[in-house]
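First the structure, in the form of structure tokens, and then the observations on it.
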There are 2 protein chains.
Amino acid sequence: MFDKQTRYKRSIVKHLYFARELSCADLSALTQKSVPLTSRVLNELIAEGVVIEKGYALSTGGRRPQVFSLKPDLMYVVSVAMDQLITRITLLDMHNNYVGEIERVELPLGNNPEALQQLTHHIADFISRTAIPIENIVGIGIGMPGFVDVIKGVNHSFLKTDQGSIVSYVESALGIPVLIDNDSSLVALAEQKLGAASDKQNVMVLSIGWGIGLGMILNGTLFRGHNGFAGEFSHIPLFTNNKLCSCGKSGCLETETSLLVVVEKAIRGMQEGKLSMLQGLSLDNVEEASNAIMEAALKGDRFAVELFHETAYNIGRGVAILIHLLNPELIVLSGRGSLAGRLWLAPIQQALNEHCIPKIAENTEIEISSFGYLAEIIGAAALVMEHYDTIKPISGKAKSSLIVS
Amino acid sequence: MFDKQTRYKRSIVKHLYFARELSCADLSALTQKSVPLTSRVLNELIAEGVVIEKGYALSTGGRRPQVFSLKPDLMYVVSVAMDQLITRITLLDMHNNYVGEIERVELPLGNNPEALQQLTHHIADFISRTAIPIENIVGIGIGMPGFVDVIKGVNHSFLKTDQGSIVSYVESALGIPVLIDNDSSLVALAEQKLGAASDKQNVMVLSIGWGIGLGMILNGTLFRGHNGFAGEFSHIPLFTNNKLCSCGKSGCLETETSLLVVVEKAIRGMQEGKLSMLQGLSLDNVEEASNAIMEAALKGDRFAVELFHETAYNIGRGVAILIHLLNPELIVLSGRGSLAGRLWLAPIQQALNEHCIPKIAENTEIEISSFGYLAEIIGAAALVMEHYDTIKPISGKAKSSLIVS
DNA sequence: ATACTTTATTAATTATTTTAAAAAGTATTT
DNA sequence: AAATACTTTTTAAAATAATTAATAAAGTAT
């Protein structure tokens with residue numbers, strides 16, 4: 001792709017992005033290269049205006065190190081987070097701050113042959129409104145539900161296209177490098193690079209949403225499996241409940257644990273006349289309903305708390321299997337459901353006590369993410385920067401002139 | 001540990017060990033180094049007598065490549081495979097052939113405070129009888145059951161020692177580098193490096209024995225988890241059968257699937273008067289009993305076949321979980337139980353059909369290992385050679401002069 | 001004030017790759 | 001059947017990349 005020098009240069013930019021500030025010695029240690037080499041490359045990057053000097057850090061017993069950082073407003077990443085109904089688009093600078101607002105557009109993925117075209121149009125529209133020159137956009141990271149083949153750049157569930165891949169379609173339309181991944185994987189990437197799992201080697205990141213997703217950090221890297229389908233946590237056969245799952249089987253974990261299940265149970269409970277501060281829940285607006293239930297539970301509403309207890313215990317049974325198989329050091333609860341915070345912890349812990357060999361489980365912590373609903377957005381940007389040293393530059397301009405600047 | 005040059009030299013030796021024969025161009029590609037560099041190092045190795053030229057390979061459209069190989073009788077590896085009762089010791093040369101016989105000694109691990117001492121003595125004794133000079137022994141690889149911490153070199157279940165590690169104990173006694181690992185991990189390593197899983201990136205290796213072990217090859221390397229406890233497949237909670245497991249919990253996979261369970265079921269069946277060519281089975285000699293049942297089943301004995309069917313189906317339920325979580329390209333059935341070969345396949349496949357999302361399962365093959373009971377022996381040797389480029393040489397001679405040469 | 005750390009810069013040395021050319025083969029054309 | 005065009009492997013020479021070593025600078029600890 002690039003020659004060695006350029007690759008090392010980009011590798012330094014990448015490290016600075018994720019760590020925000022680093023000294024020359026830090027970079028030398030991180031990249032396993034010598035200090036003089038690192039120093040020379042840093043000076044080149046400063047001359048190019050990519051890197052800036054931020055002054056001196058405190059001494060650790062010797063001369064104080066010069067600290068380097070990326071110039072925030074020279075390069076940008078477009079981050080796209082999709083779910084089956086809503087797509088969020090935003091622009092992030094090199095310090096990982098939004099430029100402007102997060103844009104929300106309705107874009108139904110199910111049974112929508114024009115979804116890819118619409119998506120491309122929305123992104124193009126968004127970019128032109130930011131008024132950032134295309135040359136300054138490093139890449140576009142897109143997270144989406146479904147079976148995503150990261151290498152081929154296709155999604156086996158949604159956004160299907162006649163010929164070629166999603167990646168090549170968007171790239172040739174916009175003239176900017178594109179990277180796609182599964183939504184759960186991106187949540188995990190966000191936690192690993194910038195969140196609760198940073199500096200950890202083996203972490204399971206659960207994203208609790210309308211389904212329940214799993215992203216696995218194994219040996220310090222996001223694990224995808226042979227075809228990119230790894231982490232199908234929600235469809236492991238765990239129950240004998242005869243509830244039909246969306247996947248066609250029955251007894252999947254997903255049939256008993258997700259925010260959707262919580263909402264359904266809540267509605268059924270209300271109909272049966274359970275006492276609660278909740279009212280007027282409806283499946284027509286699950287987002288509102290699930291937020292209401294989370295709020296009520298956090299305020300102590302007994303019925304709402306019980307809903308979480310049952311769901312969380314079942315997640316815990318699944319987590320017990322994860323711990324036995326993969327011996328992680330940390331389990332992170334992320335995704336929109338993590339707003340319910342500590343309500344998940346106790347029942348999950350109880351399930352672990354019942355179903356885990358103590359020797360293994362005692363080495364595994366559980367944490368709630370602080371990213372919540374933003375995790376996928378952060379992850380999509382991280383996806384782009386994670387590949388900054390191997391990304392392929394798009395040859396030539398955008399074929400269609402969707403972007404008016 | 002070593003300087004760069006020595007490390008590259010040893011890395012080439014390592015590649016030659018696992019591949020047996022390679023050309024200079026092959027090695028250059030495998031190690032990502034240039035051909036001239038590789039060529040120079042090869043010539044040095046030839047001058048040292050470590051590598052020999054084996055003549056020319058067939059042309060693939062151009063000049064025929066010179067093929068290189070290790071000199072088989074210059075270096076040796078001691079391979080030790082332990083189970084809870086029997087320990088096997090053997091010596092392997094650089095072409096992975098035994099020198100002499102595999103030695104079998106009784107060495108009970110449970111409740112035996114002197115096990116480590118006895119093990120060391122047996123190895124020392126074995127080495128002195130081979131009459132190979134200690135300098136020519138690259139290392140000792142030891143596979144053992146239990147929770148093995150590979151980094152610290154200790155076993156949390158067996159072979160406990162007051163101070164220090166198993167590794168340091170044996171090393172200082174014998175003066176030879178020692179590497180230990182969990183038995184199931186070594187079976188997986190054997191399959192990856194020299195067996196059914198070679199050149200595969202994501203493989204689950206099940207070793208069916210008195211328990212049921214799992215070794216995971218993920219992204220091309222053996223995965224151990226945070227503390228080295230990954231792969232506890234046999235204790236995932238999968239049944240509601242109230243059968244107490246050795247781990248203290250109930251409902252573990254192991255309570256329904258292992259060769260031990262097969263033998264127990266067979267004995268119970270015989271007592272109930274089931275028709276079969278089997279007779280005189282006893283739990284006092286499970287090894288003999290399980291061999292007899294495997295033989296009978298392979299000969300078509302209906303009762304014996306049924307025993308396998310039930311056990312294999314339950315394994316299949318566990319495998320379905322593995323496939324969903326880790327999306328492997330291959331499942332290998334290895335260990336002593338793999339002698340029953342194809343008997344496992346159909347019931348496992350049936351379980352997968354019932355419990356897997358087709359899209360994922362269709363990308364996963366299942367194979368029977370050809371190593372059988374030898375897998376752990378081969379894996380222990382592979383463990384040593386796998387670390388040949390980073391192994392630490394033991395400083396000084398053996399402290400105790402256990403070895404008389 | 002002295003000894004010890006850590007970081008930064010420069011020069012000298014070493015390691016590695018690239019380039020070029022030769023050697024040894026296969027495949028295709030005349 | 002001979003000539004040629006194209007491959008792949010091997011070796012040698014030249015160019016480049018990267019590290020090590022040495023020194024200086026800037027700090028902490030005693």
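The structure displayed is predicted, hence computed values, not measured ones. So you know, we letter chains A, B, ... as the sequences are listed, proteins then strands, and number each from 1.
At least one side-chain heavy atom of A:M385 sits under 4.5 Å from a side-chain heavy atom of A:V13.
Rounded to an integer number of Å, the gap from A:Q32 CD to D:dA18 P is 15 Å. The separation between A:L27 atom CG and C:dT6 atom C1' is 16 Å, rounded to whole Å. Regarding B:Q66, its CD atom lies at a distance of 15 Å from the C1' atom of D:dT8, rounded to whole Å. As rounded to whole Å, 13 Å separates atom C1' of C:dA15 from atom OH of B:Y8. Rounded to whole Å, the distance from CG on A:L58 to P on D:dA26 is 17 Å. Atom pair A:R64:CZ and C:dT7:P shows a separation of 13 Å (rounding to whole Å applied). Between A:E53 atom CD and C:dT7 atom P there is a gap of 16 Å when expressed in whole angstrom units. If you measure from atom CG of B:D26 to atom P of D:dT8, you get 13 Å, rounded to the nearest angstrom.
Here the closest heavy-atom approach between residue B:D93 and residue B:H95 is recorded as OD1-N, 2.8 Å.
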Step by step, would you call B:M75 with B:Y17 a side chain to side chain contact (heavy atoms under 4.5 Å, CB included)?
-> CA-CA 11 Å; B:M75 303 193 295; B:Y17 175 81; over 6 Å; no
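There is no side-chain donor-acceptor pair under 3.5 Å between B:T364 and A:H226.
If you check distances only, the side chain of B:R63 does reach the base of D:dT9 with a donor-acceptor pair under 3.5 Å.
For A:E21, the CD atom sits in a packed shell: over 12 heavy atoms of surrounding residues, nucleotides or ligands are nearer than 6.0 Å.
Less than 4.0 Å separates DNA chain C from at least one heavy atom of each of the following residues of residues 33-50 of chain B: B:K33, B:S34, B:P36, B:L37.
A:D181 places no side-chain N or O within 3.5 Å of a backbone atom of A:L186 that could act as its donor or acceptor partner.
In this structure, D:dT30 forms a base pair with C:dA1, meeting either the Watson-Crick or the G-U wobble geometry with both donor-acceptor distances under 3.5 Å.
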